[in-house]
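To start, the structure itself, in structure tokens.
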Amino acid sequence: MTRIVAVSGSLRKGSYNTALLSVAKELVSADVDFQIASIDGIPLFNEDLEKQGAPATVTALKEQLAGADGILISTPEYNYSIPGVLKNAIDWVSRPNADIARVFHNKPFALMGATPSGFGTLNAQTAWLPIIRYFKLRPCFANALYLSAAHEKFDANLKVQDQMTLTNLEKFLTDFVRFIQQQKQ
């Protein structure tokens with residue numbers, strides 16, 4: 001079974017990125033264990049706090065990511081970049097530096113994102129490139145998913161109401177699962 005750990009870069013209850021992951025979980029095949037991990041409750045990174053031991057929320061996320069066959073991030077775009085809460089969570093799980101290899105090295109990785117703006121999340125996803133390189137992740141660039149005008153694609157219950165979005169998401173997920181399985185061979 002292929003295990004994907006997915007993380008939303010938003011804490012908002014009505015997050016389009018979290019909703020996108022919920023839809024993705026419904027679309028993947030039965031042979032994929034699709035887990036949505038939370039970054040809620042992770043404190044701001046502080047080395048003084050780190051010296052006291054990683055908070056339980058950080059340890060739980062780190063172990064989920066370490067046990068994944070592939071990591072999927074659904075990121076909003078804030079000020080043309082990665083949301084602070086998401087970057088903060090990534091900073092925490094990369095500590096100590098000796099854990100980076102165990103958690104991230106050679107792990108298949110994919111990015112997608114949803115935003116109400118008309119430009120998708122291209123800038124936020126591009127901002128991930130140095131992190132991908134530093135962590136030695138294996139990015140899946142088979143296709144991209146930059147969901148713009150998300151407020152028009154989801155209904156009031158955060159269900160996708162746009163068939164093209166569902167089609168693109170399903171293709172994105174199929175390509176990512178195939179990429180993970182190829183890496184495992």
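FYI, side chains are in, hydrogens and waters are out, and symmetry mates aren't considered; it's all heavy atoms of this structure.
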*Qualifying salt bridge (charged side-chain N to carboxylate O under 4.0 Å, His left out) pairs, either residue in residues 135-148, two or more places apart*: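 Residue pairs with at least one partner in residues 135-148: there are none.
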To the nearest 0.5 Å, what is the distance between [atom1] on [X] and [atom2] on [Y]?
X    : Y    : atom1 : atom2 : value
F176 : K171 : CZ    : NZ    : 14.5 Å
L65  : R102 : CG    : CZ    : 10.0 Å
K153 : L20  : NZ    : CG    : 11.0 Å
I90  : L61  : CD1   : CG    : 7.0 Å
T2   : D33  : OG1   : CG    : 9.5 Å
F109 : F141 : CZ    : CZ    : 8.5 Å

Which pairs pass side-chain hydrogen bond (donor to acceptor under 3.5 Å, both in side chains) with one or both residues in residues 39-52, sequence neighbours excluded?
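Every pair satisfying side-chain hydrogen bond (donor to acceptor under 3.5 Å, both in side chains) with a residue in residues 39-52: E50-R95.
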With side chains defined as the heavy atoms from C-beta onward, is the minimum distance between [X] and [Y] less than 4.5 Å?
X    : Y    : answer
V177 : D31  : no
P116 : Y16  : yes
C140 : I180 : no

Between [X] and [Y], is there a donor-acceptor pair closer than 3.5 Å when you use the side chain of the first and the backbone of the second?
X    : Y    : value
E77  : N123 : yes
D175 : N143 : no
D69  : R3   : yes
Q161 : E152 : yes
T121 : A124 : no

If you look at every heavy atom in [X] and [Y], which pair is closest and at what distance?
X    : Y    : result
L169 : A24  : CD2-N, 3.9 Å
I100 : S94  : CG1-O, 3.4 Å
L86  : W128 : CD2-CZ2, 3.8 Å

### Message
Just checking N79: does its CG atom have more than 12 heavy atoms from other residues, nucleotides or ligands closer to it than 6.0 angstrom?
### Response
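No, because the 6.0 Å sphere around CG of N79 holds 12 heavy atoms or fewer from other groups.
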Next item on the list: Could you tell me whether K13 atom NZ has more than 12 heavy atoms of other residues or ligands within 6.0 Å of it?
Entry: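 Incorrect, the count does not exceed 12.
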Other cluster members, Y146 - Ile/Leu/Val/Met/Phe/Trp/Tyr, side-chain contacts below 4.5 Å
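Result for Y146 is L122.
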